[in-house]
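Comments concern the structure below.
Just so you know, ligand 1 is whichever comes first in the structure, and atom 1 is the first atom listed for that ligand.
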Amino acid sequence: MGQRVALLPAVAQFLGREQKLLIGGAWVPAASGETFATLNPATGRPLTQVAQGAAVDIDRAVQAARAAFPAWAALLPAQRERLLHRFADLMEEHKAELAQLETLDNGKPFNVAYNVEVNVAIGQMRYYAGAPTRLTGETYPVSSPGFLVYTRREPLGVCGAITPWNYSLVMATQKIGPALATGNTLVLKPAEQTPLTALRLAELALAAGIPPGVFNVVTGFGDTAGAALTAHPDVNKVAFTGSTDVGRAIVRASAGNLKHVSLELGGKSPLIIFDDADLPAAAEAALWAIFANSGQNCVAGSRLYVQRRVYDTVLGELAARAGRLKVGDGLEPDTSLGPLISQRQLDQVLHFVEQGVAGGGTLVTGGQRPGGDLAGGYFLQPTIFGGVAEDSVIAREEIFGPVLSAFAFDDEADVLPRANHSRYGLAAGVWTNNLSRAHRLAQHLRAGVVWINTYDWFDPAVPFGGVGESGYGRELGSQVMDMYTELKSVWVKL
Ligand code: ADP
């Protein structure tokens with residue numbers, strides 16, 4: 001067994017100072033002077049105080065972003081590329097710091113933050129750093145004589161990014177990268193539960209030479225700072241990742257100036273295991289599909305469908321594996337499941353567990369809070385329900401915690417409509433060795449992403465987003481450039 005992760009001096013220093021807002025290249029307190037505490041969910045204790053930005057601070061940040069926009073948009077593509085690569089280089093140099101801040105603020109295992117998430121964030125920045133010189137238009141073969149017609153991709157102007165607390169760093173780079181690469185300027189409002197990595201990123205962006213005002217960060221609460229950003233008349237686009245209800249509020253708020261909106265929202269994703277699959281591998285995938293990040297994952301495979309002949313075997317295997325997962329502080333070396341983000345989140349998830357039991361579901365494993373040393377944090381054991389009614393609350397609603405509902409099915413025709421019976425449509429997984437069946441399901445599952453014989457893989461080159469109440473627009477991939485640019489058609493009479 002290894003050692004508990006020791007805090008880096010740079011992290012201790014960062015936590016030792018009150019965190020301010022980054023507006024127009026200057027670190028400033030909120031106009032109101034108010035601050036709020038960000039808590040360590042493993043202990044419930046404050047990590048540091050953060051400026052509580054509100055509408056007036058958002059307005060200042062938007063003005064700074066507007067002022068910085070013309071010069072940033074006019075930079076040569078290669079110059080923007082160089083700055084974004086330098087930013088990615090600095091992220092790489094400060095990788096361990098970013099990972100420690102993510103673990104402290106969110107609770108997730110340090111190994112995951114360090115070995116997976118920071119690398120994903122850096123990969124995204126590098127992918128988008130290379131984008132400015134690849135941002136092309138097209139020419140069109142019009143059916144009138146004597147014309148040259150082509151399109152140009154032009155930046156939107158000032159973008160707002162509103163990010164959630166579950167993968168704060170990755171969600172931030174996913175939006176900073178394409179926004180800045182396409183020549184927009186940005187105001188980022190990170191989740192109030194996990195503001196720290198966004199603030200550290202902003203320090204690194206400044207150090208990389210990204211000009212003042214191009215990337216601004218306003219920390220604060222959703223219904224004040226967040227709402228002001230989405231309603232601001234001089235913001236041209238809002239990119240949001242978060243809950244479906246807030247997504248709806250953002251669409252309403254965006255109507256004033258008809259700003260662009262892209263929404264990556266909730267999910268209740270099905271994972272389907274057929275009896276011909278590699279069952280141990282499928283059980284391991286199903287385990288992490290739901291328990292990664294303690295289930296606080298928009299693509300969590302929270303509805304598990306197992307073909308009836310192997311249902312008991314797979315569920316037994318899954319429960320055994322879940323029982324071996326170590327719940328604990330993310331800084332402990334053998335932790336595989338950290339705490340939930342907050343007392344509120346824990347209470348909500350426990351309420352779902354109660355509803356599951358009251359509705360006649362069978363608790364196969366978990367459902368309890370661990371005691372002892374962990375009593376002060378927001379921990380919950382990995383939880384698996386069998387025998388759940390398919391129209392019950394826990395089978396339909398996004399729980400955003402380590403709670404799985406498992407169902408048996410007969411065959412493909414039986415499972416497909418059941419898997420598709422959801423108002424969400426973010427992700428789906430299929431485990432089978434039948435090639436035709438795999439592709440048939442990939443075609444007919446109603447989801448923005450389908451994983452076959454794997455789950456929860458991402459790459460900066462691959463578009464990501466949902467259908468139905470999981471949102472609209474796509475993140476990642478080269479297609480995201482469409483979401484951050486206007487297409488202008490130019491007609492030339494030759
Ligand atoms: P959760 O309910 O899991 O905390 P939310 O969707 O509420 O997820 O939060 C995601 C992000 O949206 C956070 O940055 C939060 O501050 C922000 N937010 C919450 N409410 C609003 C709102 N009304 N307008 C804009 N942003 C909001």
Side-chain angles (χ1 to χ4, degrees), residues 21 30 36-39 41 50-55 57-59 61-62 105-108 159-172 174-176 186-199 201-202 216-232 235 237-256 259-268 293-300 302 339-349 351-352 378 397-403 424 426 466 469-471 475:
L21 314 174
F36 66 99
T38 183
L39 305 183
V50 179
Q52 190 178 324
D57 306 290
I58 288 287
D59 187 50
V62 171
D105 219 6
N106 169 280
K108 65 184 62 199
C159 296
I162 299 182
T163 49
W165 43 260
N166 58 343
Y167 295 94
S168 343
L169 186 65
V170 170
M171 295 296 139
Q174 198 161 304
K175 294 174 171 57
I176 299 165
L186 184 70
V187 178
L188 168 64
K189 206 299 282 172
E192 52 271 38
Q193 297 85 349
T194 57
L196 299 182
T197 45
L199 293 164
L201 272 184
N216 307 275
V217 178
V218 177
T219 48
F221 293 98
D223 53 0
T224 50
L229 187 58
T230 61
H232 200 290
V235 170
K237 177 211 164 81
V238 168
F240 174 70
T241 301
S243 61
T244 292
D245 284 343
V246 172
R248 270 188 264 275
I250 287 176
V251 171
R252 284 192 291 270
S254 71
K259 58 176 64 68
H260 294 231
V261 175
S262 54
L263 301 171
E264 203 266 275
L265 308 176
K268 189 75 184 178
N293 218 37
S294 300
Q296 304 168 120
N297 185 355
C298 54
V299 297
S302 50
L340 300 187
I341 190 67
S342 61
Q343 183 68 49
R344 176 174 159 248
Q345 188 69 16
L346 176 63
D347 291 344
Q348 280 175 7
V349 174
H351 185 56
F352 277 118
Y378 315 126
E397 297 297 322
E398 181 176 48
I399 295 177
F400 229 61
V403 182
Y424 296 111
L426 193 53
E469 292 186 31
S470 292
E475 301 234 325

Check: Quick one: does E192 get an N or O within less than 3.5 Å of an N or O on ligand 1?
Finding: yes
Next item on the list: Taking only heavy atoms of G242 into account, list the atoms of ligand 1 that are under 4.0 Å away from them.
Entry: 6 (O)
Notebook entry, point to check: Any idea which protein heavy atom is nearest atom 17 (C) of ligand 1, and the distance to it?
Noted result: I162 CG2, 3.6 Å
Item checked: Contact atoms of ligand 1, heavy-atom distance to W165 under 4.0 Å -> 1 (P), 3 (O), 4 (O)
Next item on the list: Begin with the C-alpha distance, continue with both residues' side-chain angles, and end with the deciding distance and a verdict on side chain to side chain donor-acceptor pair (under 3.5 Å) for T230 and K259.
Entry: CA-CA 9 Å; T230 61; K259 58 176 64 68; over 6 Å; no
Checklist line | Partners passing side-chain contact (heavy atoms from CB on, under 4.5 Å) against Q345 (at least two apart in sequence or in another chain) | finding: W165, Q296, L340, I341, S342, Q348, V349, F400
Notebook entry, point to check: Which heavy atom of the protein is the closest neighbour of atom 7 (O) of ligand 1, given with residue, atom name and distance?
Noted result: V246 CG2, 3.6 Å
Margin query: I'd like to check which ligand 1 atoms, numbered from 1 as shown, lie under 4.0 Å from a non-hydrogen atom of G226.
Written below: 24 (N), 25 (C), 26 (N)
Notebook entry, point to check: Under the criterion side-chain contact (heavy atoms from CB on, under 4.5 Å), which of D59, V238, V217, V218 is the partner of V187?
Noted result: V218
Check: Would you call T241 and L263 a side-chain contact if the rule is heavy atoms closer than 4.5 Å?
Finding: no
Note to self: Between T197 and D105, is there a side-chain donor-acceptor contact under 3.5 Å, judged purely by atom types and distance?
What the structure shows: no
Notebook entry, point to check: Is there side-chain contact between L265 and F240, with heavy atoms separated by less than 4.5 Å?
Noted result: yes
Next item on the list: Please state whether F400 comes within less than 4.0 angstrom of ligand 1, counting heavy atoms only.
Entry: no
Check: Is any NZ, NE, NH1 or NH2 atom of the basic residue among D347 and R344 found under 4.0 Å from an Asp or Glu carboxylate oxygen of the other?
Finding: no
Notebook entry, point to check: Can an N or O of G222 be found at a distance shorter than 3.5 Å from an N or O of ligand 1?
Noted result: yes
Item checked: Protein contact to atom 11 (C) of ligand 1 [nearest heavy atom, distance to 0.1 Å] -> T163 O, 3.5 Å
Margin query: Under 3.5 Å between any N/O of S243 and any N/O of ligand 1: does that happen in this structure?
Written below: yes
Note to self: At less than 4.0 angstrom from any non-hydrogen atom of F240, what atoms of ligand 1 do you find?
What the structure shows: 6 (O), 10 (C), 11 (C), 12 (O)
Next item on the list: List the atom of L188, the atom of A198, and the distance in Å for their closest heavy-atom pair.
Entry: CD2-CB, 3.7 Å
Item checked: K189, any N or O under 3.5 Å of ligand 1 N or O -> yes
Next item on the list: Answer yes or no: does an N/O atom from T241 fall short of 3.5 Å to an N/O atom of ligand 1?
Entry: no
Next item on the list: Could you tell me whether atom 5 (P) of ligand 1 has a protein heavy atom closer than 4.0 Å?
Entry: yes
Note to self: Determine whether a donor-acceptor pair (N or O, by modelled atom type, separation under 3.5 Å) exists between the side chain of T219 and the backbone of V50.
What the structure shows: no
